[in-house]
Amino acid sequence: MDQVTAAGETALVAGGAGFLGSHLCDALLARGASVICLDNLLTGSADNVAHLQNHSRFRFLQHDICQPLKISGKLDVVFNLACAASPPRYQADPFHTMMTSVAGTLNLLQLAEAHEARFLQASTSEVYGDPDRHPQSEDYNGNVNCTGPRACYDEGKRAAEALCFDMLRANRADVRVARIFNTYGPRMDPEDGRIVSNLVVQALRGEPMTIYGTGEQTRSFCYVSDLIAGLIALVDVAGNPGVPVNVGNPGEFTINELAELVVAKTGTKSAVVFQPLPKDDPTRRKPDISRAKALLGWEPRVPLREGLDTTITHFRKIVAAQNRSGASQKASSLSAVV
């Protein structure tokens, strides 16, 4: 296998201070690569890469990929993970979300072209929309509402894929496209609005656990280390696959089943409350990963029960810190009043 991210190579990770991007930076550095982490910090956090700031092969650049950029020196691979990925975050500024996927992806593709670097596009299972085929394989064209509130992300990512494959067909860049399914693990933002972080944080805070719809809709949850291994395998594979590749865990759970697991593992007394299902929210989601198995020799290894343990540990620390901060502020306020 031709490892372009091995020792002596340089990788640029756009969105590198985000949940997935920071784990990718860790994995690439562990393989001996040098890493340029690019992020505008709108949804990413400097805290996610603070442990890397003194690493000799790590460099952080604050930049919005919607603006053209030049990088001095040689790049061997460009990873594009730069885009808000949770509905509350990408819907907060739909115009920027769309431009990140379109103008931003084009800017990074042109950067890869200039450096003759391989390019990995982090696409999404959202390109399938609310699917009427189950499970979802890469030859399924999807069922997407192109004018709905999720379109800025769904259609933005579909447009980004079109740009990627046009560049590949024109022989201008060695592009690989990963369609990422729901991923979870440490460094998730507790306020990002995703179902795993929502339920775990609410449970740890003793707040009502919110489920949208009946809770019978399904998702497939991939642990972050498995997802990162899949992305690297796609970049490393000799010969361009020439097609998108699903990267996710085919284990399928209802949201109610996820909530039951969270309750059991946190020991919370929180009650579950049901709210209306948001418009265009998918009712079923499960990847067919036959292509990833055949082309990459990759499949996930971490079961949901195991991955939830480390994820809950991560959020326990955050909630405990927030509780200490809140208690300190309350005490200061009381002192001021007295």
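Basis for what follows: all heavy atoms, side chains included, without hydrogens, waters or symmetry-related copies. Values in this document were obtained by computation on a predicted structure and should not be read as measured data.
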**Q.** By side-chain contact (heavy atoms from CB on, under 4.5 Å) - contacts of T43 (at least two apart)
**A.** A84, R89
Below 3.5 Å, can you tabulate the donor-acceptor pairs from side chains in residues 92-99 to any protein atom, sequence neighbours excluded?
unit_1 : atom_1 : unit_2 : atom_2 : d
D93    : OD1    : H96    : N      : 3.2
H96    : ND1    : T100   : OG1    : 3.3
H96    : NE2    : D64    : OD2    : 2.8
T97    : OG1    : Y90    : O      : 2.8
T97    : OG1    : D93    : O      : 3.1

Q) Counting only N and O atoms by type, is there a donor-acceptor contact under 3.5 Å from the side chain of S22 to the main-chain atoms of A17? A) no
Q.
Could you check whether any side-chain N or O of N80 sits under 3.5 Å from a backbone N or O of Q121, counting only pairs where one atom can act as donor and the other as acceptor?
A. no
(Q) I'd like to know if the side chain of N143 reaches the main chain of G129, judged simply by a donor and an acceptor atom lying under 3.5 Å from each other, with no hydrogens or angles considered. (A) no
Q) Would you say the side chain of N107 lies within less than 4.5 Å of the side chain of Q67, judging by non-hydrogen atoms? A) no
Q | E216 CD: over 12 foreign heavy atoms closer than 6.0 Å | A | yes
Q.
Under a 3.5 Å cutoff, is there a donor and acceptor pairing between the side chains of S197 and D189?
A. no
**Q.** Donor-acceptor contact below 3.5 Å, side chain R194 vs main chain P87
**A.** no
Identify all side-chain donor-acceptor contacts of residues 269-277 below 3.5 Å with residues at least two apart in sequence or on another chain.
unit_1 : atom_1 : unit_2 : atom_2 : d
S270   : OG     : E207   : N      : 3.4
S270   : OG     : E207   : O      : 2.8
S270   : OG     : T268   : OG1    : 2.8

Q) So, the side chain of Q217 versus the backbone of G215: is there a donor-acceptor pair under 3.5 Å, distance only? A) yes
**Q.** L204 CG to I312 CD1 distance, which is reported to the nearest 0.5 Å
**A.** 7.0 Å
Q) Run the salt bridge (Lys or Arg N to Asp or Glu O under 4.0 Å) check on E126 and R150 step by step: do they pass? A) CA-CA 9 Å; E126 296 298 327; R150 300 170 71 103; 3.0 Å; yes
**Q.** Partner set under side-chain contact (heavy atoms from CB on, under 4.5 Å) for P88, not counting sequence neighbours
**A.** S86
Q) Name the one of L38, L106, I65, L69 that satisfies side chain to side chain contact (heavy atoms under 4.5 Å, CB included) with L111? A) L69
Q) Tell me the ring-ring contact (aromatic ring centres under 6.0 Å, His included) pairs involving residues 158-185, sequence neighbours left out? A) Y184-Y223
Q | Partners meeting side-chain contact (heavy atoms from CB on, under 4.5 Å) with P303 (sequence neighbours left out) | A | E306
(Q) Using salt bridge (Lys or Arg N to Asp or Glu O under 4.0 Å), reason through E252 and R284 one step at a time and then give a plain yes or no. (A) CA-CA 9 Å; E252 186 179 12; R284 300 192 75 183; 3.5 Å; yes
Q.
Holding to side chain to side chain donor-acceptor pair (under 3.5 Å), I want the full list of residues that pass it with R305, two or more places apart in sequence or in another chain.
A. none
(Q) For R118 and D174: C-alpha separation, side-chain torsions, deciding distance, then whether salt bridge (Lys or Arg N to Asp or Glu O under 4.0 Å) applies. (A) CA-CA 5 Å; R118 291 190 185 186; D174 182 355; 3.4 Å; yes
**Q.** Distance, nearest 0.5 Å, that separates CG of N246 from NZ of K293
**A.** 12.0 Å
**Q.** A229: side-chain contact (heavy atoms from CB on, under 4.5 Å) partners, not counting sequence neighbours
**A.** W298
Q | Spatial distance of atom SG (C37) from atom CD (Q62) [nearest 0.5 Å] | A | 10.5 Å
Q) Do V224 and I232 sit in the same hydrophobic cluster, where Ile, Leu, Val, Met, Phe, Trp and Tyr count as joined when their side-chain heavy atoms come under 4.5 Å apart? A) yes
Q: Apply side chain to side chain contact (heavy atoms under 4.5 Å, CB included) to Q136 and S125, showing your working.
A: CA-CA 8 Å; Q136 293 81 58; S125 60; over 6 Å; no
Q. Among pairs that include at least one residue of residues 190-212, which meet ring-ring contact (aromatic ring centres under 6.0 Å, His included), considering only residues two or more places apart or in two chains?
A. none
Q: Give a yes or no on whether the backbone of S220 and the side-chain of N249 come within a donor-acceptor separation of less than 3.5 Å.
A: no
Q | ring-ring contact (aromatic ring centres under 6.0 Å, His included): pairs with one or both residues in residues 226-273, sequence neighbours excluded | A | none
**Q.** Point-to-point distance, once rounded to the nearest 0.5 Å, from CG of L231 to CG of L120
**A.** 5.5 Å
**Q.** Test salt bridge (charged side-chain N to carboxylate O under 4.0 Å, His left out) applied to D139 - qualifying residues, sequence neighbours left out
**A.** R133
Q: Please determine, by modelled atom types, if T210 and N198 share a side-chain donor-acceptor pair under 3.5 angstrom.
A: no
(Q) Run E155 and R158 through salt bridge (Lys or Arg N to Asp or Glu O under 4.0 Å) and show every step you take. (A) CA-CA 5 Å; E155 294 291 7; R158 286 162 69 95; 3.3 Å; yes
Q. What pairs of residues pass the ring-ring contact (aromatic ring centres under 6.0 Å, His included) test when at least one of them lies in residues 51-77, not counting sequence neighbours?
A. none
(Q) For E113, is there any backbone N or O sitting under 3.5 Å from a side-chain donor or acceptor partner on R172? (A) no
Q.
Test your reading of the model: is there a side-chain donor-acceptor pair from T105 to the backbone of V102, 3.5 Å cut-off?
A. no
Q: Using atom types as modelled and distance alone, determine if a side-chain donor or acceptor of R179 lies under 3.5 Å from a backbone N or O of P244.
A: no
Q. What distance separates L12 CG from L108 CG, expressed to the nearest 0.5 Å?
A. 7.0 Å
Q) What's the spacing between H134 NE2 and Y140 OH if we round to 0.5 Å? A) 11.5 Å
